[in-house]
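What follows is a set of notes on a single structure, which appears directly below.
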Protein chains: 2
Amino acid sequence: MAIPRAAKTQRRTRIQEEKEEIILEAALDVFSVSGFRGSTIDQIAEVAGMSKPNLLYYFRTKEAMHRALIDRVLFTWLEPLRAFDANGDPESEIRSYIRRKLEMARDFPRESRLFANEMLQGAPHVEDELRGPLKDLVDEKAEVIRAWAKAGKIAKCDPYHLIFSIWSTTQHYADFDVQVRAVLGPEHSGEGRFEDAARYLEQLFVDGLRIRGPRA
Amino acid sequence: MAIPRAAKTQRRTRIQEEKEEIILEAALDVFSVSGFRGSTIDQIAEVAGMSKPNLLYYFRTKEAMHRALIDRVLFTWLEPLRAFDANGDPESEIRSYIRRKLEMARDFPRESRLFANEMLQGAPHVEDELRGPLKDLVDEKAEVIRAWAKAGKIAKCDPYHLIFSIWSTTQHYADFDVQVRAVLGPEHSGEGRFEDAARYLEQLFVDGLRIRGPRA
DNA sequence: TGTAATGTTTACCAATCGGTCAAATTATCC
DNA sequence: GGATAATTTGACCGATTGGTAAACATTACA
């Protein structure tokens, strides 16, 4: 009798790893569009190409699927900020942070939307992570930015709202993709819009951080 | 026999106006958090304090409720952009546009989230409005900004991405409110955060638009 | 005040929801 | 190859879903 669920076994089988990957991929498709409440296990099962009980063999509940997905996304989502280097040159650090975040919006839009959906619903599943690891990381990087300003390397600014601005502007191209495409029109909806956005955003933020000399 | 639904009558009764208002208010509460698919008529009925069939007397389907809500929100949501004045002073126009958008994020967060939810789901109910009225309005204002740049009143920049940036940064404080509060901590989660955001964003965008002189 | 239109509720429906169960199938390892 | 564990599925469950039917209550208006 195979009572133990996959999750409870000691070692993960080859099949387990493969199937869990397929399921999470399908779950990402569905959750990122409809949010937790609006998604159904049947939808995910159909996308994954397996039966519903089979999904539930690998993840005991809908919550468990969502949880696993969120955990994975949350980690990789913070990668760019983690890479933010206190010893680097301020301007190029900001620049590459923007570029990296924009690349993620381009290459992993579903992950961005999954996260956005969770935020819109009041973060019922991740509030602890926000207040813990996320806040800690942001606090740390905000301190770096503040130190740069104090040392006169960049203009004074509120580091928290700077970070919020970079988050929102870059993620906008993933989360509000439909709107961006609709407004830009079909002729500017190719991948080139990410190039344009990168150019604009780098200019915007870097200019804002330069210490202003006498104006023309 | 009262076959005709409220919506089909010639003139709207006093009761109709009141109840429809109550229902839409409740629907906004629910839809803005859970999105269309994730919301149920029962939830809305409970918030509205009336029975489910009573809701369905005023709005025949869940879609009709959502539709009515979206239409109303879409209109008021574009108010600030409509007010953007081609004959005004560029710097103060941008400034007051940011301020107005931020006020809306503060005073009408549910409306912002309703819209964001719709975008995340691929705008299945409003794609036409995006491609029509919205695009037209943005095109018009983008032309204004381009003209300002051409006349040397502001620095050259991509007007579309400028508008996207203002949208995303301001709406972020409504849509990602949980995250903002979590990162800022309880001591900075009072209404003052909107003041700080306004100060930061006005500086960011206005600086970016100033024609740059020789640097210090 | 009577009556027709409007508004409200109870009871209900078929479809779908998240999830279980036991039986059947497949992979693994000796 | 056979025993055993791991995987997959069809049938099913109670709860919830969006929505309806019809009886009942209230309002507006002559």
Side-chain angles (χ1 to χ4, degrees), chain A residues 1-24 26-27 29-31 33-70 121 124-125, chain B residues 1-24 26-27 29-31 33-70 121 124-125:
Chain A
M1 231 85 61
I3 301 169
R5 299 276 188 161
K8 290 208 169 180
T9 52
Q10 320 287 19
R11 281 203 298 152
R12 286 161 53 99
T13 325
R14 176 186 50 94
I15 296 182
Q16 273 175 41
E17 297 203 19
E18 288 176 6
K19 291 299 170 74
E20 284 177 10
E21 189 55 41
I22 291 175
I23 293 171
L24 288 182
D29 262 5
V30 177
F31 280 135
V33 170
S34 304
F36 181 76
R37 288 222 43 186
S39 303
T40 70
I41 302 181
D42 294 85
Q43 284 175 35
I44 299 173
E46 195 187 334
V47 174
M50 33 179 127
S51 67
K52 179 165 67 171
N54 203 2
L55 285 210
L56 291 164
Y57 172 73
Y58 292 100
F59 296 94
R60 288 219 279 258
T61 62
K62 185 173 141 184
E63 285 237 6
M65 278 178 232
H66 191 253
R67 179 83 242 168
L69 208 47
I70 285 274
Q121 284 161 34
H125 306 98
Chain B
M1 231 85 62
I3 299 167
R5 300 276 187 159
K8 291 209 169 181
T9 52
Q10 319 285 18
R11 281 204 299 153
R12 287 160 52 97
T13 327
R14 187 199 85 239
I15 295 182
Q16 273 176 41
E17 297 202 18
E18 289 175 5
K19 290 298 171 71
E20 285 178 10
E21 187 56 41
I22 291 175
I23 293 170
L24 288 182
D29 263 4
V30 177
F31 281 134
V33 170
S34 304
F36 181 75
R37 288 221 44 184
S39 303
T40 70
I41 303 182
D42 295 85
Q43 282 176 34
I44 300 173
E46 195 186 335
V47 174
M50 33 179 127
S51 67
K52 179 166 64 172
N54 203 2
L55 287 210
L56 292 164
Y57 173 73
Y58 291 101
F59 296 93
R60 287 218 278 257
T61 64
K62 187 175 142 183
E63 285 237 8
M65 275 178 235
H66 191 253
R67 178 86 239 168
L69 208 47
I70 285 273
Q121 284 160 32
H125 305 97

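In what follows, chains carry the letters A, B, and so on, assigned in the order in which the sequence lines appear, proteins first and then strands, with residues in each chain numbered from 1. Atoms considered below: every heavy atom in the structure, side chains included; atoms not considered: hydrogens, waters and symmetry mates.
Among the atoms of the strands shown, base atoms are found under 4.0 Å from some heavy atom of B:S51.
Atom-to-atom, CZ of B:F59 to P of D:dG18 comes out at 16 Å; the value is rounded to the nearest Å. For B:M50 and C:dT9, the CE to P distance is 9 Å, given to the nearest whole Å. A straight line from NZ of B:K62 to C1' of D:dT16 spans 12 Å, rounded to a whole angstrom. One interatomic measurement links the two molecules: CD of A:Q43 to C1' of D:dT17, which rounds to 14 Å at whole-angstrom precision. We find that CE of A:M65 is positioned 9 Å from P of C:dG18, with the value rounded to whole Å. Between A:L56 atom CG and D:dA11 atom C1' there is a gap of 15 Å when expressed in whole angstrom units.
If you check C:dG18, D:dT7, D:dG18 against the side chain of A:Y57, the one that comes closest is D:dT7. The listed nucleotides are C:dT10, C:dG18, D:dG18; the one nearest the side chain of B:P53 is C:dT10.
The CD1 atom of B:I44 sits 9.5 Å away from the CG atom of B:L56 when rounded to the nearest 0.5 Å. From A:N54, atom CG reaches atom CD1 of A:I23 across 6.5 Å, with rounding to the nearest 0.5 Å. Interatomic distance, B:H125 NE2 to B:E63 CD, rounded to the nearest 0.5 Å: 4.0 Å.
Within the 4.0 Å cut-off from OP1 or OP2 of D:dT8, at least one side-chain nitrogen or oxygen of A:Y58 is found. Applying the 4.0 Å criterion to OP1 and OP2 of D:dA6, one finds that A:Q16 has every side-chain N and O outside that range. Proximity of B:K19 to the phosphate of C:dT8: a side-chain N or O atom is located under 4.0 Å from OP1 or OP2.
The residue among A:N54 and A:R37 whose nearest nucleotide of DNA chain D lies closer to the 5′ end is A:N54.
Across all their heavy atoms, B:D29 and B:V47 have their closest contact at OD2-CG1, 3.8 Å.
Between the side chain of B:K52 and the base of D:dG18, a donor-acceptor pair under 3.5 Å is found.
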